[in-house]
Protein chains: 2
Amino acid sequence: MLVVDDEASIRRALRINLTARDYTVHVAEDGRSGLRSAASHRPDVVILDLGLPDMDGVEVIRGLRGWSQSPIIVLSAREREHDKVDALDAGADDYVTKPFGMDELLARLRAATRRAMSAAADEPVVATEHFTVELAAKRVTDVTGREIRLTPTEWEIVELLVRNDGRLVSSRQILTQVWGEGYQAETHYLRVYLAQIRRKLEPDSSRPRYFRTEPGMGYRFVSSG
Amino acid sequence: MLVVDDEASIRRALRINLTARDYTVHVAEDGRSGLRSAASHRPDVVILDLGLPDMDGVEVIRGLRGWSQSPIIVLSAREREHDKVDALDAGADDYVTKPFGMDELLARLRAATRRAMSAAADEPVVATEHFTVELAAKRVTDVTGREIRLTPTEWEIVELLVRNDGRLVSSRQILTQVWGEGYQAETHYLRVYLAQIRRKLEPDSSRPRYFRTEPGMGYRFVSSG
DNA sequence: TTGCGGCGTAAGGAAAACGTCAAGATCGCC
DNA sequence: GGCGATCTTGACGTTTTCCTTACGCCGCAA
């Protein structure tokens, strides 16, 4: 958790309150050091004051959103609607007007982290012990870095499952997403393709570890455990 | 998109503004019809006024969160911090105080849908001392993090009971929801499946702690106490 | 005690879902 | 047209789930 605010009293109040609730808190007093701290500590939430001395708050949001998907909660004395709109559209997750109550802030924090929990599936790269899936590049590589070739259909299934790491994806969902609306009954396709995917990616394709079958329900990719 | 508000002028203003921006808008003027509309139309966003004539707004949020993960934006004239905290903790995604500007609302709407898109599902989790149920992922894990496998029927029963944490669910309700209309007499199915569920999840299956029998009535899941 | 109704447990065969192999059918490209 | 890669389709064996039957326990009332 990173708090960026130029008012020392607010930094202090937040650090005390948040530390008491078991957050690990880093603080910064201007935009530049805030961005630097974010880059090194990779906070899972950012609380950001818009009225910073060195740069415009919206620029800080853009700087963060360049590489991070962590929730950003904006704190600001400005009531003007225009400011809120700009901040939210730049990628902020919430906007709280000063003066604010600590309970409200904590509640909004809970709401934001609750939402962000599964947003981790957005990560462009999912790595396992045996292979790595690069979603953006549409590539799967060996543990040695060698590319594993997937056919277009295989890739679509892998991508869908990997994007839902840990979550069960129903057979119908895979079929509609990959083949289209009219194919919800063709569960046989899935069996054939999952077999191919497993042959290419699983260390022991007869005992799947990553692409698991949940009989009667669907399939589930698990990257760890 | 569903708008639930008892003020006709607000319903009208929102319908016009949102329709103009290519949202498909349904409206409702009280909590009960709002929940009904949500159940049939499955909106991808809900805008909800807290001050409804027939039920408490927080109850409406809970009713929606029972089955839907769509973002809920709360609209309210109440400034009290306590109200905000309750609404957010019940599962609302954002809280806008009346009177509000249309631009701000639209910005918060964009922020909410943007988040919902990547976060596809914000994951409701029910944790007990002995196991954890992740509803969105359709997964039950051990206290050590190991997965406990449930069959489709077992999962449906567990999900139904867990979603009604603390509440009594009648045998008939379980039978109709899991097997269908014509199975209300097959209470034996329940005994068989509850036994299996308990064997898998209860620390001492002969003395159930989480999946309790209410003789003559039904079953009740209690996550704590 | 005996019988009855509601509940819990165990086990086996039928049915459904799944995995595998391999042979067509398609498609795009040279 | 011919070729290779990919996608469909079919057949068959295996695994998993589901339903059913049988039986035991308990409390209660006859």
Side-chain angles (χ1 to χ4, degrees), chain A residues 138 140 147-161 168-180 182-221, chain B residues 138 140 147-161 168-180 182-221:
Chain A
K138 290 198 190 308
V140 183
E147 180 165 353
I148 303 174
R149 263 192 83 63
L150 298 183
T151 74
T153 308
E154 286 164 10
W155 170 260
E156 283 201 67
I157 296 171
V158 168
E159 175 173 10
L160 179 57
L161 290 173
L168 183 131
V169 184
S170 72
S171 301
R172 292 182 53 163
Q173 196 182 333
I174 305 177
L175 286 166
T176 41
Q177 184 123 0
V178 175
W179 278 272
Y183 291 79
Q184 300 194 355
E186 307 291 340
T187 60
H188 186 60
Y189 291 4
L190 286 185
R191 293 199 287 282
V192 173
Y193 274 97
L194 262 293
Q196 287 171 359
I197 290 169
R198 283 168 178 155
R199 243 202 318 279
K200 292 184 179 181
L201 300 182
E202 291 279 357
D204 176 1
S205 64
S206 66
R207 301 185 335 114
R209 170 171 165 185
Y210 301 109
F211 295 90
R212 299 188 187 167
T213 302
E214 303 278 352
M217 304 204 279
Y219 294 87
R220 182 202 307 277
F221 172 76
Chain B
K138 284 202 197 306
V140 183
E147 186 167 342
I148 303 174
R149 173 157 283 160
L150 299 183
T151 74
T153 309
E154 285 163 10
W155 171 260
E156 283 200 69
I157 296 171
V158 168
E159 177 172 6
L160 179 57
L161 290 173
L168 170 72
V169 183
S170 72
S171 300
R172 294 180 53 157
Q173 196 182 335
I174 305 176
L175 286 165
T176 34
Q177 182 125 358
V178 175
W179 278 272
Y183 291 79
Q184 301 194 353
E186 308 289 342
T187 59
H188 184 59
Y189 291 4
L190 288 184
R191 291 198 284 283
V192 172
Y193 274 98
L194 261 294
Q196 286 171 358
I197 290 168
R198 284 168 177 155
R199 234 200 331 273
K200 293 184 179 181
L201 300 183
E202 290 279 358
D204 177 1
S205 62
S206 65
R207 302 189 323 119
R209 171 171 165 186
Y210 301 109
F211 295 90
R212 300 186 186 168
T213 302
E214 303 279 351
M217 322 231 6
Y219 294 87
R220 182 202 307 274
F221 171 76

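So you know, we letter chains A, B, ... as the sequences are listed, proteins then strands, and number each from 1. Just so it is clear, the values below take in all heavy atoms, side chains as well, and ignore hydrogens, waters and symmetry mates.
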Among C:dG19, C:dG8, D:dT6, which nucleotide sits nearest the side chain of A:Arg149? D:dT6
Would you sort out whether A:Leu201 and A:Tyr210 count as a side chain to side chain contact (heavy atoms under 4.5 Å, CB included), showing the intermediate values? CA-CA 9 Å; A:Leu201 300 182; A:Tyr210 301 109; over 6 Å; no
Sub-4.0 Å heavy-atom contacts from residues 189-207 of chain A onto DNA chain D, ordered by number: A:Tyr189, A:Val192, A:Tyr193
Quickly work out the B:Glu186 CD to C:dC7 C1' distance and round it to whole Å. 16 Å
Closest heavy-atom contact between B:Arg212 and B:Arg198? C-NH2, 3.8 Å
Looking only at non-hydrogen atoms, find the nearest pair between B:Glu156 and B:Val178 and report the distance. CB-CG2, 4.0 Å
Which part of the nucleic acid does B:Thr213 contact within heavy-atom distance under 4.0 Å: base, sugar-phosphate only, or nothing? sugar-phosphate
Nearest atoms (heavy-atom pairs only) where A:Glu202 meets A:Phe211: OE2-N, 2.8 Å
Of the non-hydrogen atoms in A:Glu154 and A:Ile197, which two are nearest, and what is the gap between them? O-CD1, 3.8 Å
Please state whether the phosphate of D:dC18, meaning OP1 or OP2, lies under 4.0 angstrom from any side-chain nitrogen or oxygen of B:Trp179. no
Shortest side-chain distance from A:Tyr219, nucleotide among D:dC19, D:dT17, C:dG19: C:dG19
Gap between atoms CE and C1', on A:Met217 and D:dT17 respectively (whole Å): 11 Å
Would you tabulate the side-chain donor-acceptor contacts of residues 214-221 of chain B under 3.5 Å, counting partners in other chains and residues two or more places apart, or write 'none'?
{"from": "B:Glu214", "atom 1": "OE2", "to": "B:Arg220", "atom 2": "NE", "distance (Å)": "2.8"}
{"from": "B:Glu214", "atom 1": "OE2", "to": "B:Arg220", "atom 2": "NH2", "distance (Å)": "3.2"}
{"from": "B:Arg220", "atom 1": "NH1", "to": "B:Gly166", "atom 2": "O", "distance (Å)": "2.7"}

With a 4.0 Å cutoff (strictly under), does any side-chain N or O of A:Thr151 reach OP1 or OP2 of D:dC7? yes
Would you say the side chain of A:Trp179 lies within less than 4.5 Å of the side chain of A:Glu186, judging by non-hydrogen atoms? no
Distance, rounded to the nearest Å, where B:Leu150 contributes CG and D:dT16 contributes P: 15 Å
Does the side chain of A:Thr213 come within less than 4.5 Å of A:Leu194's, by heavy atoms? no
Any side-chain heavy atom of B:Ile174 sitting closer than 4.5 Å to one from B:Leu161? yes
For atom CD1 of B:Ile157 and atom P of C:dG8, their distance in whole Å: 12 Å
Heavy atoms under 4.0 Å is the rule here; annotate nucleotides 23-30 of chain D 5' to 3' with B where the base is hit, S where only the sugar-phosphate is, and - elsewhere. --------
At 4.0 Å (heavy atoms only), tell me whether B:Thr153 reaches a base, stays on the sugar-phosphate, or touches nothing. sugar-phosphate
